[in-house]
Colleague: 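After the structure tokens below, expect a handful of questions from me.
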Amino acid sequence: MMIEEKKSLNFIEQIIEEDLANGLPKEKLRFRFPPEPNGYLHIGHAASICLNFGLGLRYNAPVNLRFDDTNPTKEEQEYVDAIKHDIDWLGFKWDKELYSSDYFQQLFDWTIELIKEGKAYVDNQSSAEMAQQKGTPTEPGTDSPNRNRSVEENLALFMKMKNGEFEEGSHVLRAKIDMKHTNMHMRDPIMYRILKKRHHRTGNDWCIYPMYDWTHGESDYLEQISHSICTLEFKSHRDLYDWYLDQVVESDKLRPKQREFARRNLSYTVMSKRKLLQLVEEGFVNGWDDPRMPTISGLRRRGYTPASIKTFSETAGISKRDNVTDVALLEHCIKDDLNKTAPRVMAVMNPVKLIITNYPEGKEEWLTAENNQEDENAGYREVPFSREIYIEQEDFREEANKKFFRLKLGSEVRLKNAYIIKAESCLKDENGEVTEIYCTYDDDSLSGSGTEASKRKVKGTLHWVSVKHAEKAEVRVYDRLFTDEAPDGQKDKDFKEFINPDSLTIVDAFVEPSLKTAKVLDRFQFQRLGYFCVDTDATPDKLVFNRTVPLRDSWAKMGE
RNA sequence: UGACCCAUGGUGUAAUGGUAGCACUCCGGUUUUUGGUAUCGUCAGUCAAGGUUCGAGUCCUUGUGGGUCAACCA
């Protein structure tokens with residue numbers, strides 16, 4: 001029997017369903033993702049991307065990619081390119097690539113009308129004076145002495161602003177709304193400021209640039225976006241969004257609707273562009289795509305898949321309350337994906353040499369190994385075996401209780417894909433560290449050979465790499481970037497105080513030779529260790545792996 | 001001494017006046033040539049007090065707690 005489980009709608013979808021039920025034609029549904037090209041996208045943006053593009057898919061509606069580029073002092077083409085790459089990598093297709101700067105002329109024309117209607121005025125006070133008059137959230141503001149200039153004077157001054165006749169910062173254009181409004185954003189907000197900066201798209205065409213509020217809603221309107229979805233910190237901008245829309249909306253056109261949801265926070269990291277930029281600029285990480293960063297590019301380099309990020313966003317859901325999502329959920333999503341898709345290989349990170357004394361010297365065998373038992377199409381590969389192999393130091397103990405079912409003196413263990421061996425003795429250095437382990441093997445116990453010996457139940461199975469055939473590789477092991485769950489949640493402490501000094505450990509490892517041909521961003525499971533991917537620093541001569549995420553380790557959890 | 005938003009297990013989310021469910025985490029069992037995976041199970045929740053109602057996580061009131069808002073940023 002099929003159990004039809006209907007997925008519950010999130011509150012945004014509910015709003016849309018309601019609008020549809022109230023007569024909004026389905027064909028009018030249209031969404032947008034509006035990044036400012038002043039930084040890299042992070043996992044929080046992924047929530048918005050997955051939401052907006054997910055709605056597009058769900059309702060078969062177009063989704064525009066619109067760069068909100070009204071501030072030429074911060075925005076750059078580099079960021080535009082990176083953002084496009086990230087969205088594309090996630091697998092989403094935008095309908096049109098657009099820029100708020102495409103609308104500068106229309107915005108200007110509308111502004112002239114507003115001035116003529118007496119709804120906007122030029123103010124030439126200092127920013128300090130204006131801030132003073134603005135009041136506080138608990139106290140009303142007072143009117144600017146320039147609030148009642150004549151239309152003619154405003155028009156003339158605004159044209160001078162536009163023509164570059166005034167210095168930066170000397171004049172602004174303000175909407176004339178209400179200096180006593182309880183919403184600070186309604187206290188005669190600035191519509192235009194003078195910025196004598198070259199814009200990455202419009203060059204030197206303009207020296208006045210519109211502010212976010214006066215741009216965003218009108219851009220939505222011009223694109224006929226039905227639902228303009230943003231994060232909660234814009235909630236109080238909604239009054240202004242609507243006020244501006246009131247000035248331009250024509251009754252036969254769709255009026256966009258702004259709705260807000262809570263930003264997605266992740267435990268043990270920070271999610272503001274400002275703070276991420278700080279980590280980059282102050283050298284706490286090696287760039288926006290450092291694998292420890294919660295950026296899309298960092299996660300990509302770390303080995304995360306688009307599917308895992310989308311599953312994460314979907315599973316975490318959306319709502320309107322503050323949240324700190326456990327990074328364990330993100331890690332679960334990537335492990336779940338990679339478990340099904342990543343080829344298994346063997347690598348030894350902390351090697352100790354093991355010699356099989358009864359295995360003929362000089363002999364080598366190429367043994368068949370299953371690439372992925374979770375994927376029957378993954379096939380098989382050959383791995384070389386010989387008399388001397390590396391195993392992990394922590395897989396051997398001279399003596400141990402019966403909970404330790406790895407290798408110990410006098411007992412047996414299976415070498416993955418190979419033979420059953422028994423530890424006979426070991427050699428130690430002056431510090432008591434084991435330097436060599438001597439074993440014997442059962443030559444009738446080869447994995448998959450079907451012999452009685454091969455079917456023997458042996459509790460432990462170890463991964464290994466043949467010494468003679470081992471490839472060296474640099475492995476970068478990452479831990480969380482911060483030691484606190486919510487590093488920017490502390491009132492009187494800077495988030496940088498919680499930076500984990502051990503977030504990166506570099507290990508020289510030995511890997512099986514099949515990895516020699518691995519390409520950048522190829523993902524693998526190093527058996528019993530975790531998921532790893534080839535870092536962008538790798539070259540044909542030097543293998544470099546990033547540890548994406550370790551495997552669940554219930555042995556370590558026992559704490560013995 | 002303002003306005004607005006929010007409050008469900010440790011975490012993230014469902015339940016649209018009618019059995020508080022799902023996922024992650026944690027813990028335990030089974031299986032296993034990865035101490036992985038899979039699988040079974042345990043623990044654990046409606047901020048508080050009133051009110052409306054046959055019935056309230058849901059509606060109302062009042063508290064309490066958290067958040068947002070005063071860039072020529074978005």
Side-chain angles (χ1 to χ4, degrees), chain A residues 5 7-10 14 34-36 38-39 68-71 73-75 100 123 126-127 130-132 134-141 168-174 181-185 187 190-195 208-209 211-213 215-216 230 232-239 260 262 264 267 273-274 315-333 335-336 339-340 344 346 370 373-374 403-406 414-418 420 447-448 454-463 485 525-530 550-558:
Chain A
E5 192 160 334
K7 207 190 144 294
S8 56
L9 303 178
N10 64 47
Q14 288 173 25
E36 183 190 10
N38 70 340
D68 224 330
D69 56 350
T70 57
N71 185 356
T73 64
K74 289 186 180 172
E75 294 147 7
S100 294
D123 203 338
S126 70
S127 57
M130 285 190 280
Q132 183 70 28
K134 194 130 191 173
T136 70
T138 55
E139 295 161 316
E168 259 184 43
S170 65
H171 294 68
V172 292
L173 183 80
R174 293 228 252 170
H181 201 110
T182 52
N183 182 342
M184 297 288 289
H185 296 286
R187 322 241 263 227
I190 293 173
M191 296 177 72
Y192 278 94
R193 76 287 213 192
I194 299 168
L195 251 23
I208 54 170
Y209 289 92
M211 300 288 288
Y212 165 83
D213 291 296
T215 306
H216 201 89
C230 59
L232 235 29
E233 58 274 25
F234 290 97
K235 176 67 194 352
S236 59
H237 292 245
R238 193 152 107 193
D239 287 343
E260 312 82 10
R264 170 83 29 217
S267 61
K273 274 198 254 183
R274 206 195 90 243
T315 309
I318 62 156
S319 67
K320 293 174 78 166
R321 42 181 145 147
D322 290 341
N323 60 79
V324 181
T325 302
D326 194 338
V327 69
L329 180 61
L330 214 212
E331 293 176 343
H332 168 261
C333 292
K335 282 188 278 193
D336 193 48
N339 176 51
K340 297 177 191 117
R344 271 59 171 170
M346 292 193 286
E370 198 173 15
Q373 61 271 64
E374 306 292 326
K403 276 185 168 179
F404 181 86
F405 34 86
R406 276 113 105 133
R414 178 181 296 280
L415 293 174
K416 182 77 186 170
N417 303 314
I420 294 172
S447 291
S454 72
K455 291 176 186 163
R456 217 159 66 227
K457 291 287 176 201
V458 181
K459 192 69 178 162
T461 301
L462 306 187
H463 60 277
E485 236 181 39
Q525 185 195 89
F526 288 1
Q527 276 186 111
R528 301 212 300 140
L529 296 177
L551 251 27
R552 180 154 162 245
D553 188 351
S554 39
W555 165 245
K557 268 183 186 163
M558 286 164 66

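Values below: every heavy atom of this structure, side chains too, minus hydrogens, waters and symmetry copies. All chains are named by letter (A, B, ...) in the order of the sequence lines, taking the proteins before the strands, and each is independently numbered beginning at 1.
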Colleague: Rounded to the Å, how far apart are A/Phe234 CZ and B/C5 P?
Modeller: 18 Å

Colleague: Take N1-N3 plus N6-O4 or O6-N4 for Watson-Crick, N1-O2 plus O6-N3 for G-U, both under 3.5 Å. Which runs of 3 or more such pairs involve RNA chain B?
Modeller: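 Output for stems: B:2-7 with B:64-69, B:10-13 with B:21-24, B:27-30 with B:38-41, B:47-51 with B:59-63.
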
Colleague: Which nucleotide wins on minimum distance to the side chain of A/Ala316, given the candidates B/G67, B/A14, B/G12?
Modeller: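 Per side-chain heavy atoms of A/Ala316, the pick is B/G12.
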
Colleague: A/Ser267: what forms a side chain to side chain donor-acceptor pair (under 3.5 Å) with it, not counting sequence neighbours?
Modeller: none

Colleague: NA contact type, A/Thr70, heavy-atom cut-off 4.0 Å: base, sugar-phosphate, or nothing?
Modeller: sugar-phosphate

Colleague: Name the orientation class of the two ring planes belonging to A/His237 and A/Tyr212 (parallel below 30°, tilted from 30 to 60°, perpendicular beyond 60°).
Modeller: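 Ring orientation, 0 to 90° scale: perpendicular.
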
Colleague: Sequence neighbours excluded, which residues qualify as ring pair (Phe, Tyr, Trp, His ring centres under 6.0 Å) partners of A/His463?
Modeller: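 Ring pair (Phe, Tyr, Trp, His ring centres under 6.0 Å) list for A/His463, sorted by chain: empty.
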
Colleague: Heavy atoms under 4.0 Å, any strand shown: does A/Thr136 hit a base, just sugar-phosphate, or nothing?
Modeller: base

Colleague: Quick one: is A/Arg321 getting a side-chain N or O under 4.0 Å of the B/U8 phosphate, OP1 or OP2?
Modeller: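 Yes, A/Arg321 has a side-chain N/O under 4.0 Å of OP1/OP2 on B/U8.
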
Colleague: Any donor-acceptor pair under 3.5 Å between the side chain of A/Arg414 and the base of B/U33?
Modeller: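 When only heavy-atom distances are counted, A/Arg414 does reach the base of B/U33 through a donor-acceptor pair under 3.5 Å.
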
Colleague: Could you pull out the protein-nucleic contacts involving nucleotides 25-29 of chain B (nitrogen or oxygen on both sides, under 3.5 Å)?
Modeller:
residue	atom	partner	partner atom	Å
B/C26	OP1	A/Lys557	NZ	2.5

Colleague: Listed by chain and number, what are the side chain to side chain donor-acceptor pair (under 3.5 Å) partners of A/Thr182, not counting sequence neighbours?
Modeller: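 Per chain and number, A/Thr182 pairs via side chain to side chain donor-acceptor pair (under 3.5 Å) with no residue.
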
Colleague: Quick check: do A/Met211 and A/Thr70 have side-chain heavy atoms less than 4.5 Å from each other?
Modeller: no

Colleague: List the residues meeting side chain to side chain contact (heavy atoms under 4.5 Å, CB included) with A/Asp322, not counting sequence neighbours, and say none if there are none.
Modeller: none

Colleague: With a non-hydrogen cut-off below 4.0 angstrom, is A/Lys457 in contact with a base, only sugar-phosphate, or nothing?
Modeller: sugar-phosphate

Colleague: From B/U34, B/U32, B/C5, pick the nucleotide closest to the side chain of A/Lys320?
Modeller: B/C5

Colleague: Hey, does the side chain of A/Arg174 come within less than 4.0 Å of B/C72's phosphate (OP1/OP2), counting only N and O?
Modeller: no

Colleague: As a test of reading the structure: which of B/G35, B/G36, B/C69 is closest to the side chain of A/His185, going by heavy atoms?
Modeller: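 Within the option list, the nearest is B/C69.
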
Colleague: So which nucleotide from B/U34, B/C72, B/A14 ends up closest to the side chain of A/Met211?
Modeller: B/C72

Colleague: Assuming nearest nucleotide by heavy-atom distance, tell me which of A/Ser127 and A/Ala262 is located more 5' along RNA chain B.
Modeller: A/Ala262

Colleague: What residues, two or more places apart in sequence or in another chain, satisfy ring pair (Phe, Tyr, Trp, His ring centres under 6.0 Å) together with A/His171?
Modeller: A/Phe166

Colleague: Applying side chain to side chain contact (heavy atoms under 4.5 Å, CB included), name anything that partners A/Arg406, two or more places apart in sequence or on another chain.
Modeller: A/Glu394, A/Asp395, A/Phe404, A/Leu462, A/Arg528, A/Trp555

Colleague: Closer than 4.0 Å, any side-chain N/O of A/Ser554 to the OP1 or OP2 of B/G36?
Modeller: yes

Colleague: Would you say a side-chain N or O of A/Lys74 is under 4.0 Å from OP1 or OP2 of B/A74?
Modeller: no

Colleague: Does the distance from a Lys or Arg side-chain N to an Asp or Glu carboxylate O, for A/Glu260 and A/Lys320, drop under 4.0 Å?
Modeller: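 Not counted as a salt bridge, because no side-chain N and carboxylate O are separated by less than 4.0 Å.
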
Colleague: Let me spell it out: for each of A/Ser447 and A/Glu36, pick the nucleotide of RNA chain B with the closest heavy atom. Which residue's pick is nearer the 5' end?
Modeller: A/Ser447

Colleague: Among all residues two or more places apart in sequence or in another chain, which pass the side chain to side chain contact (heavy atoms under 4.5 Å, CB included) test with A/Gln132?
Modeller: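 Expected list: none.
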
Colleague: Identify which nucleotide among B/A70, B/G35, B/A15 has an atom closest to any side-chain atom of A/Phe405, counting heavy atoms from C-beta outward.
Modeller: B/G35

Colleague: With sequence neighbours excluded, what pairs up with A/His181 under the ring pair (Phe, Tyr, Trp, His ring centres under 6.0 Å) test?
Modeller: none

Colleague: Within the modelled atom types, does a donor on one side and an acceptor on the other bring the side chain of A/Gln14 and the base of B/U16 under 3.5 Å apart?
Modeller: yes

Colleague: Just the table, please: protein N/O against nucleotides 1-3 of chain B N/O, every pair under 3.5 Å.
Modeller:
residue	atom	partner	partner atom	Å
B/G2	N3	A/Pro137	O	2.8

Colleague: For a quick check, tell me whether the side chain of A/Glu374 and the base of B/G36 share a donor-acceptor pair closer than 3.5 Å.
Modeller: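 Between B/G36 and A/Glu374, which were checked side chain against base, a qualifying N/O pair under 3.5 Å is present.
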
Colleague: Could you list the residues that satisfy side chain to side chain contact (heavy atoms under 4.5 Å, CB included) with A/Glu139, not counting sequence neighbours?
Modeller: A/Thr136

Colleague: So, does A/Arg264 get its side chain near the phosphate of B/U13, meaning an N or O under 4.0 Å from OP1 or OP2?
Modeller: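 Yes, within the criterion.
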
Colleague: Between A/Ser100 and A/Asp68, does any side-chain donor sit less than 3.5 Å from a side-chain acceptor?
Modeller: yes

